Amino acid sequence: MDKSEIYNHLGEDREDYFNAGAPPIIATSNFLFDSVDEIRNALSYKNGIPFYTRGVNPTTKILEKKIAALEKTESALAFSSGMSAISAAIFSQLKSGDNIISINKPYIGTNKLMKEILPNFNISTTFVEGNNIKDFEDAIQKNTKLIYLESPNSWTFEMQDLEKVADFAKKNKLITIIDNSYASPLNCNPHVWGIDIVVHSATKYISGHGDVMGGVVCSTKKIVDQIYGHQYKVNGGIISPFNSWLFIRGLRTLEMRMKFISENTPKVVSYLENHPKINKVIYPHGKDFHQKDLVKKYLKKPCGQFSVQLKTTVKHEIESFCNNLKYFKMACSWGGHESLIFPEIANFGNEYFDESEALPLNFIRFYVGLEDSKFLIKDIEKALN
Ligand SMILES: *Cc1c(COP(=O)(O)O)cnc(C)c1O
């Protein structure tokens, strides 16, 4: 299906709501029935009839249809946050005694889930570098059920060969999950390469405006239905219809935003790569990236996140660079209109932070939003001076 059709038409049955161009926000918990037959019929998910918003909501359904089409999966479910989607996907595939093979440095919340929560349910995780298929071969145990990927991750951007990992997983009857937030559904479709479940923090690119939180799980109808029956309805981390509506609105401009970001970010990166006060830039589309072959195979266009290591290792110099940026504000998130940094140094001294997993002190993650590269470069130049 043409992407323009997905953004602007798919799932929008306008004749059902006065031919309004924008879909209605069906802000209701209940859907009302007049007969036992009708409510009985609606309670079966197979019929897709709304009966309760922690189940089926028509506004959310529009979003889910569009996301599934963009990710080229049969089906999708929307959740209240990226972490809610990730937790649902992971829990749906495991039981007590199972083992996960995960890439090192998954998203911080996922990392905590694997290290601090899943062990309480007797589920272990083996962390691997993941650059080489041999890492997975060496890690597999009798009780391994799941491989968890992020390609690239959102700090140091290591990638995995999705096709090879998917082949390995299929041969060994393992389920594969990937967090595809970095690439967005436009720059990589892991399901096409054989990955079973694709999750996104929709909070990032799918929203695109830094004003709403949500997550999605995309997979086969069989897996999505299974998650719907348990993690979605029972754990209940559903999205509000208003947030679904904002994500539908976000999707209208996703392609234009991603196109702008793909042209803008490399200009900022290239400025930094050539700056004497910068030690290193880590960017999949950067000049020194160590997995260029995987970038070529899996990432259609450059995305907005990269990391730098400053030359200085002096604490007050690192902090003064960050503080002197006027337009790159500091924040945890990314994917919206505003350009942001997150300095690793901000983690130090916080009780949630495990210093044994720390990156170098002078490590800063950048996100380039929808401002012009010249404007952003000027900001960086001033702060570096
Ligand atoms: C932000 C983020 C998440 C978590 O998503 P939330 O919407 O904040 O819950 C997961 N993975 C990656 C790569 C992220 O950047």
Side-chain angles (χ1 to χ4, degrees), residues 60 63 67 71 76-91 100 102-117 130 148-160 162 177-188 190 195 197-218 231-232 235-240 242-244 246-247 250-251 258 261 265 282-284 298-299 303-307 330-336 338-342 344 346-347 352 357 359 364-369:
T60 298
L63 172 67
I67 296 283
E71 268 302 356
L77 279 175
F79 287 83
S80 57
S81 69
M83 273 320 300
S84 172
I86 290 166
S87 303
I90 290 177
F91 272 104
I100 307 172
S102 167
I103 48 108
N104 281 332
K105 306 194 230 47
Y107 177 72
I108 180 165
T110 313
N111 197 36
K112 270 194 187 292
L113 174 68
M114 290 170 178
K115 288 195 174 142
E116 295 173 21
I117 298 177
Y148 190 88
L149 308 173
E150 276 179 33
S151 185
N153 73 36
S154 55
W155 282 94
T156 47
F157 311 111
E158 278 91 7
M159 295 180 69
Q160 301 92 51
L162 304 186
I177 302 180
I178 188 166
D179 180 337
N180 196 32
S181 306
Y182 180 91
S184 90
L186 294 191
N187 289 322
C188 181
I195 302 296
I197 305 177
V198 182
V199 293
H200 282 275
S201 168
T203 310
K204 313 296 164 52
Y205 286 135
I206 293 171
S207 147
H209 296 76
D211 53 6
V212 56
M213 299 199 70
V216 293
V217 173
C218 309
Q231 283 69 34
Y232 188 81
N235 291 355
I238 60 142
I239 191 169
S240 92
F242 179 60
N243 287 356
S244 295
L246 284 171
F247 285 124
L251 286 179
M258 295 314 290
I261 285 169
T265 312
I282 311 175
Y283 184 49
Y298 294 111
L299 269 183
C303 302
Q305 272 184 313
F306 61 90
S307 293
M330 284 173 245
C332 302
S333 190
W334 54 275
E338 73 270 84
S339 296
L340 300 169
I341 60 161
F342 188 90
E344 177 72 359
N347 281 322
Y352 67 83
E357 294 181 11
L359 294 162
I364 302 169
R365 201 228 6 238
F366 274 74
Y367 166 70
V368 169

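Order of appearance sets the numbers: ligands from 1, and atoms from 1 within every ligand. The structure presented is a predicted model; accordingly, all values stated were derived computationally and were not measured.
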Does either side chain, that of E150 or that of N180, offer a donor lying less than 3.5 Å from an acceptor on the other one? no
Numbering the atoms of ligand 1 from 1, which are under 4.0 Å from a heavy atom of S81? 7 (O), 9 (O)
Which ligand 1 atoms are under 4.0 Å away from a heavy-atom of D179? 10 (C), 11 (N), 12 (C), 13 (C)
Given K115, K105, K112, the one that forms salt bridge (charged side-chain N to carboxylate O under 4.0 Å, His left out) with E357: K115
Considering Y205, F79, Y107 one by one, which has a heavy atom nearer to atom 4 (C) of ligand 1 than any of the others? Y107
Could you tell me the residue and atom name of the protein heavy atom closest to atom 9 (O) of ligand 1, and the distance to it rounded to 0.1 Å? M83 N, 2.9 Å
Check: N153 side chain, W155 main-chain N or O, donor-acceptor pair, under 3.5 Å: yes
As an exercise, identify every atom of ligand 1 less than 4.0 angstrom from a heavy atom of T203. 6 (P), 7 (O)
Kindly say whether F247 contributes a backbone atom to a donor-acceptor pair with the side chain of S207 at under 3.5 angstrom? no
Give the atom numbers and elements of ligand 1 that come within less than 4.0 Å of a heavy atom of G214. 7 (O)
For A78 and L63, which heavy atoms make the closest approach, and how far apart are they? CB-CD2, 3.9 Å
Y182 and P284: which non-hydrogen atoms are nearest, and at how many Å? OH-CD, 3.4 Å
Identity and distance of the protein heavy atom lying nearest atom 5 (O) of ligand 1: S201 OG, 2.9 Å
Of M213, K204, Q305, E150, the residue with the heavy atom nearest atom 14 (C) of ligand 1 is K204
Looking at the rings of Y283 and F157, which for Trp means the six-membered one, are their centres under 6.0 Å apart? no
How long is the gap from CG on L149 to CE on M159, to the nearest 0.5 Å? 11.0 Å
Here the atoms of ligand 1 under 4.0 Å from any heavy atom belonging to W334 are 15 (O)
Under 3.5 Å, N or O to N or O, is I86 touching ligand 1 that way? no
Ligand 1 N/O within reach of G82 N/O, cut-off under 3.5 Å: yes
